[in-house]
4 protein chains.
Amino acid sequence: MATPHHPRRSDTRRRIQDVALELFSEHGYEKTSLREIAERLDVTKAALYYHFKTKEDILVSLADDLAGPVDELIAWAESQPRNLATKQEMLRRYSDALWNAAPLFRFIQENQATVRDLSIGESIKSRVNALNEMLKEPRSSVSAQVRCMTALFAMHAGMFATQNIEGDPQEKRAAILEVALDLVAQAEASVVPG
Amino acid sequence: MATPHHPRRSDTRRRIQDVALELFSEHGYEKTSLREIAERLDVTKAALYYHFKTKEDILVSLADDLAGPVDELIAWAESQPRNLATKQEMLRRYSDALWNAAPLFRFIQENQATVRDLSIGESIKSRVNALNEMLKEPRSSVSAQVRCMTALFAMHAGMFATQNIEGDPQEKRAAILEVALDLVAQAEASVVPG
Amino acid sequence: MATPHHPRRSDTRRRIQDVALELFSEHGYEKTSLREIAERLDVTKAALYYHFKTKEDILVSLADDLAGPVDELIAWAESQPRNLATKQEMLRRYSDALWNAAPLFRFIQENQATVRDLSIGESIKSRVNALNEMLKEPRSSVSAQVRCMTALFAMHAGMFATQNIEGDPQEKRAAILEVALDLVAQAEASVVPG
Amino acid sequence: MATPHHPRRSDTRRRIQDVALELFSEHGYEKTSLREIAERLDVTKAALYYHFKTKEDILVSLADDLAGPVDELIAWAESQPRNLATKQEMLRRYSDALWNAAPLFRFIQENQATVRDLSIGESIKSRVNALNEMLKEPRSSVSAQVRCMTALFAMHAGMFATQNIEGDPQEKRAAILEVALDLVAQAEASVVPG
DNA sequence: GATGAATGAGGTTTCATTCAT
DNA sequence: AATGAATGAAACCTCATTCAT
């Protein structure tokens, strides 16, 4: 079973995760204290330690929610022919994964220095690298590689840096995806087949 | 002889800034303690407080180094005709500004959550917004606006996320700029003159 | 067996209050550090913060012990006819209240500048004012009003400035009360009934 | 000469005293830092140390201003016959001394705990005791002694606790003196001549 | 499934003071 | 007559964590 302790796992665990993510996202990981989390939940700090071994553990548990879908996406991409259609479908699926875990993602984006030193840092970095490797062609030009990297980062940045663009969220999200798809297409076009 | 008045008038202030930036960059703002900074300089913590009113003040003083050039760039752009050539020159100059303050910029990029809650947050945000406003045409399509924003963020991300691209730094920097210029050109092209 | 629920449920909170009052009284509020309090109790400073939110909070908790009885006294006086007998009974009861919280009162008397800037300052001031207002007749002469004020302050000063008067404490206390009663009687006598 | 350093002593010294007294009086001795004093004078902290050896020294120099007149008063009283007229004249002169050094006096009154531990503490205490000894008759009743003490403290308290009595300052001051004179007269009256 | 009580380490900041210039 | 630079000590306070109950 996926639930280690109890068939019907206490919902406190999930409430802790929710509040923690909210606060981490709002003020950053370091500035969010376990006291704050506990207070907002109206439990004691000690209660948090019943559900999680450490503060970092709360974050790890959150990151796992993002890791799964991305791993699936990578596995899928590896099973496909390495062509433009696959790459673009990757971006589409990545867009879904990101928007399904938007608050966590915002947190990662805004707390890179912290995340880097935590155990989830390596795990995130390796997944982004994996995606990047699959988007770019090994021997393409530097600017083609930059285009692929930019496609990825445009999607990351697009999740929270579009406040000063008018338009409804879905429209913006679509536009971001379109730009990313475009960048990858341009990168691909510049590669001389051979 | 080079310094006319005081032969060896304290360079401690600058040394504090240097070490602070180095450590902030390395471990993040919150995880860098004043004790660490002081120890590495072999002065007491109190000495830091002689030169800076608070920890945040050290950061503010560093940020001012970036703000100046960017403000000049904005002022210049405002004095120019609002056309593609101007926008592209803006990006070239922005690239210079960023690379001249690369460590500080890396710090800001990796500590957004922290910076947001500090006094420099607003100052940075408003400058990035200003640049963004000048790049995009008011009534262009959402995807054109996303392209402009992406141009900016590509430059930001490009400063530290290009480790897994081979090529010498200058070449990579040029490639990033090229991609950014391209994005702005594409955004401009999509606007029907009116 | 005396304490039904927790056989030895922490009396630390009360011990902190006791030690704090002792030290505040001895060296003043500002010169008493939390380290001293903690050391004398053989706990860590952090333990103090488990029981009290701030240093000031310790003092506030102490002041509450005095506020209660005085409030009762004021409430009682308000329910009585405003005549000399009531006023004199007020002074008697006030004397009791003061002597029941003598160390705290001594502290307040000797740390007025400190207390004034703390949250308890206003609370004390308003109670003393209330007492004063009830003692004096609204339109009596200035010297009658001074007599009432002096009655109050004689009781305050009497708590710690009688070392160079011989006699046992109870006798001195009685004498102070007598003088205060007298002063109020004189103030009352000077008012022409109208 | 009374001026140790220079015939025409710098006025900075006096300005330091003035500002220090003002701040000590306003926030208390411990809460007033040398930095504050220096900043308000627009000099550096080091400048204060040119004029005074320590922080306490500033206070001592201020207290000397009060000590002189009071010593004169005590000396005068010792040269007079010990009777009611002398005692009452003492109070009149003491009233003058107090009002001439009102801010310092307010400070002492409100910072007793601090003052007690400083070098000026003993000096003040001994003078107040001396005054008290001269007012009261050695073998009078406890309540007569309390009346004398109260006369003294009424004058002290009267300097700053009369805000809620209407009337112009001089009128209030006169009333306070009147009450004090009365108290001493009553004390005297109760002594059976022996 | 959680609490109450506490700790040890460390944080930022302030202070009175010194001393060469 | 005063400054600039620095120090050592100590202040208040917060944090993640532990553990018996």
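Hydrogens, waters and symmetry mates are skipped; everything else that's a heavy atom, side chains included, is used. In what follows, chains carry the letters A, B, and so on, assigned in the order in which the sequence lines appear, proteins first and then strands, with residues in each chain numbered from 1.
Taking side-chain N and O atoms only, Thr12(B) has no distance below 4.0 Å to OP1 or OP2 of dA5(F). A close approach under 4.0 Å does occur between a side-chain nitrogen or oxygen of Ser33(D) and OP1 or OP2 of dC15(E).
Distance Arg35(B) CZ to dG11(E) C1': 9 Å, rounded to the nearest Å. Across the protein-nucleic acid pair, Ile58(C) atom CD1 and dC13(F) atom C1' stand 12 Å apart, rounded to whole Å. Protein atom OH of Tyr50(B) is 16 Å distant from nucleotide atom C1' of dC15(E), rounded to whole Å. Distance His27(D) NE2 to dC15(E) P: 12 Å, rounded to the nearest Å. As rounded to whole Å, 12 Å separates atom C1' of dG11(E) from atom CD1 of Ile37(B). Atom NE2 in His51(D) sits about 7 Å away from atom P in dA1(F), given to the nearest Å. As a whole-Å value, the separation of Ile16(C) CD1 from dA6(E) P is 8 Å. Taking atom CG of Leu48(B) as the reference point, atom P of dT14(E) lies 13 Å away to the nearest angstrom.
A salt bridge is absent between Lys31(A) and Glu30(B): the closest approach of a Lys/Arg side-chain nitrogen to an acidic carboxylate oxygen does not fall below 4.0 angstrom. Taking a cutoff of 4.0 Å between a charged side-chain nitrogen and a carboxylate oxygen, Glu22(C) and Arg40(C) qualify as a salt bridge.
Rounding to the nearest 0.5 Å places CG of Leu23(D) at 10.5 Å from CD1 of Ile58(D).
Closest heavy-atom contact between Ser119(D) and Glu56(D): N-OE2, 2.8 Å. Taking all atoms of both residues into account, the shortest heavy-atom contact from Phe24(D) to Asn111(D) is O-ND2, 4.2 Å.
Although no hydrogens or angles enter the test, the distance criterion places no donor-acceptor pair under 3.5 Å between the side chain of Lys125(B) and the main chain of Arg116(B).
When both pairing distances are held under 3.5 Å, dT14(E) makes a Watson-Crick or G-U pair with dA9(F). Nucleotide dC19(F) forms a pair with dG4(E), judged by Watson-Crick or G-U wobble geometry with both contacts under 3.5 Å.
Of the residues near DNA chain E, Glu56(B) and Thr44(A), the one whose nearest nucleotide (by heavy atom distance) lies more toward the 5' end is Thr44(A). Heavy-atom distances to DNA chain F give each of Glu36(C) and Asp42(B) a nearest nucleotide, and the one nearer the 5′ end belongs to Asp42(B).
Distance from the side chain of Val43(D) is smallest for dT3(F) among the nucleotides dT3(F), dT13(E), dT17(E).
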Pairwise N/O distances under 3.5 Å, protein to nucleotides 18-20 of chain E:
none

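No side-chain donor-acceptor contact under 3.5 Å links Arg106(B) and Gln109(B).
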